[in-house]
Amino acid sequence: MLTMVRMTANLGRVFRRSTRCGISLLGPKAEPGRAWSGGPRGGGSLPRRYEPNCTVEPDREEHFLPAEFIDAGDEGADSPIHQAAGRSSRRPRKNVTGVESLDDPDCPSRPGTSDADRKKKGGHKIFGTADPEEPIGNCHCSGCGAVLHCVDATVPGYLPGEKYKALLQEGGLEDATCQRCHLFRHHQKAMDLSVSKEEFRNIVRSIRSQKGLVLLVVDLLDLPDSIIPDLLDLVGPDKRVVVVGTKIDVLPADSPDYLRRIRRQLAGYCQDAGYGDRVLDVCLVSAKTGYGVEALISGLQRMWRYKGDVYLVGNVNAGKSTLFNALLHSDYCKSKASNLVGEATVSPWPGTTLNLLRFPIVNPTAYRMSRRHRRLAQAEDVASSGQVEGLRDIRRHGYLVGHVGRTFLPKVGRETITFDPDALAFGEDDDGKSPTIEKAEDPSSRLTYNEVKDARWFFDTPGIAKEHDILDLLDEQEVKAVVTARAVVPRTLPLKVGMSLFVGALARIDYLEGERSCWFSVIASDRLPLHVCAVEKADDVYRKHAGRKLLGVPSGGAQRMMNFPPLVPQDYQLEGRGRLDAAADIKLSSAGWVAVTAREGQRPLLRVHGPAGVTFCLRTPPLLPHLATLKRMRRRD
């Protein structure tokens, strides 16, 4: 009997130890009821009828719909299957809306702050104490451009009073960043501010009286909604415009000439918006991987030269700040200024930039252009030989990669005589003055008055908020799941008549009428799950699983869905164009799109459900019409 008692006690200790260490009692084949999400956590191997012949990205598995995951909504949320699949989701989670400390002795937490003090959307604990009596200075946040102060935590540019006064006494306020940018950069947390959309438009409207060139940044994942329809009313009808399509690196190549097709379609959307002959050029770039940035710089230096300032304008989340940072460390910025001007804060949260940010533009004289041309030629030879370091790591995040370099790098040292590249370029204003030779300066020194008095500037402006955008309905973590910064692998699913496709809990597409199956190719974040079920069961699936693990976004359970608008339907009749060409794209606002491919002559009837107040539309012609050809090869049944 004593031996049995000891064995039972030992087994109990082992069980408790394994539970604390996170060992799953289900073994390596755990979570038997887990639904396929279409992302890297979808799990499961491919059925035998799918052959691994992927033409999109060979080193990355592309997920298709296993038959065992269809109609997963038949089981309720409280069934044993879903309880087994959701074991880990019931563990206590860290509160994602706050952090414990900023690790800064000058920025103590405000006493008495509780979860109730945080904002509902994008909220975050406010650190330090505000001091309404402290006068507002003239220093701007280097990350978002807002005026720094410690008066009110809900006003842009807020710094805790303790930190603000300490920096003011030390003379370091000019290089400081506000608490909101600090949370963005170091904690990936968002903080809501009391700023209206009209205030951002007024800041952009202030450039009407200035002579300059407008760089319109357009998010290629959100065409044509990311094209500002009243751009010329905001910046002035006399402004010249260069259209820059960003995030081209995340779009898969569905045909050899897809870049030319996207560029032509982007130019057509700009003409439809009424830009007319104001458009000087249309470029496709990726500020993240560097693709097309050098070509953009060469084009700006050739067509605009040094005539006036340049303004970066676009919708929120279009990639303006990322492009601003790429140009800051390129030949477009004065070599000395790139070490003195702070980078713009970049985050997936809309409305990060709150005011104008700027850096001085270099004067593209003949000397500088000749040196730059030689450097680009050498860089092209190195790239063609495959000797670029880090290229393999970059390719994991984008289909198209490039390199942004510098022609002139000032050598600064204590005993070194340095030549200012801007002065060597035969004078910034081509006045014939001889170049100057001076002692090396401290890298932290400021630009002198003579260096900036006649300079031309490159400005980053606040993003223009879109109307009826789906991101306005999402909280901080949900925005991170929907906004993708990685290469999108298309997920193509065959649907028969009477089936529904869920794209998270954000959209539902019902295939109501048609003769044969259609292909639905989803271009969206891989963190946005997909689910297929019968049309008659779709309402029950949404009611049981919206806000839960199966549909993913929104997250937060029934309590979260109480504040989420209901889905409203809209019918579309398509005209099939064949098995190789998509009939149209179903635009899901900023969440991506679904390309529908049907046989020629077929007229499928679709019912698209989206949140009330959000714009879903049909895009024809489709942006990537051959997405269905990128799927894995299927054997004929």
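All values below were derived from every heavy atom in this structure, side-chain atoms included, with hydrogens, water molecules and symmetry-related copies excluded. Keep in mind it's a predicted model, so treat the numbers as computed, not measured.
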Identify whether the distance between the nearest side-chain nitrogen and carboxylate oxygen of Arg208 and Asp238 falls below 4.0 Å.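 Between Asp238 and Arg208 there is no salt bridge, as every charged N stays at least 4.0 Å from the carboxylate O atoms.
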
I'd like to know if Arg491 pairs up with Asp526 as an ion pair, taking the criterion as any Lys NZ or Arg NE/NH1/NH2 lying under 4.0 Å from an Asp or Glu carboxylate oxygen.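 No, Arg491 and Asp526 are not salt-bridged.
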
Counting distance only, does the side-chain N/O of [X] pair as donor-acceptor with the main-chain N or O of [Y] below 3.5 Å?
X      : Y      : answer
Asp219 : Leu221 : yes
Ser330 : Tyr332 : yes
Asp475 : Glu478 : yes
His468 : Gly613 : yes

Nearest 0.5 Å please: distance from the [atom1] atom of [X] over to the [atom2] atom of [Y].
X      : Y      : atom1 : atom2 : answer
Leu376 : Arg371 : CG    : CZ    : 12.0 Å
Asp249 : Thr289 : CG    : OG1   : 4.0 Å
Ser589 : Asp472 : OG    : CG    : 8.0 Å
Leu284 : Leu266 : CG    : CG    : 6.5 Å

Is the ring centre of Tyr399 less than 6.0 Å from the ring centre of Tyr291?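 Between Tyr399 and Tyr291, the centre distance exceeds or equals 6.0 Å.
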
Pick from His373, Arg372, Arg374: which one makes a side-chain hydrogen bond (donor to acceptor under 3.5 Å, both in side chains) with Ser370?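 By the side-chain hydrogen bond (donor to acceptor under 3.5 Å, both in side chains) criterion, Ser370 pairs with just one of His373, Arg372, Arg374: Arg374.
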
Candidates Asp581, Asp254, Thr597 - the one meeting side-chain hydrogen bond (donor to acceptor under 3.5 Å, both in side chains) with His626: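 Exactly one option meets the side-chain hydrogen bond (donor to acceptor under 3.5 Å, both in side chains) with His626, and it is Asp581.
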
Relative to Trp304, does Arg240 satisfy both conditions: NZ or CZ under 6.0 angstrom from the six-membered ring centre, and within 45 degrees of the ring's axis?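 Judged by the rule (NZ or CZ under 6.0 Å from the ring centre, within 45° of its axis), Arg240 is not positioned above Trp304.
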
Looking at every non-hydrogen atom in both residues, tell me the closest pair between Phe564 and Leu506 and how far apart they are.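 Shortest heavy-atom contact: CZ-CD2, 3.9 Å.
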
What pairs with Arg260 under side-chain contact (heavy atoms from CB on, under 4.5 Å), at least two apart in sequence or on another chain?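 Partners of Arg260 by the side-chain contact (heavy atoms from CB on, under 4.5 Å) criterion, ordered by chain and then number, come out as Asp257, Arg264.
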
Would you find more than 12 non-hydrogen atoms of other residues, nucleotides or ligands less than 6.0 Å from Glu600 atom CD?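 No, CD of Glu600 has 12 or fewer neighbouring heavy atoms, counting only those of other groups under 6.0 Å.
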
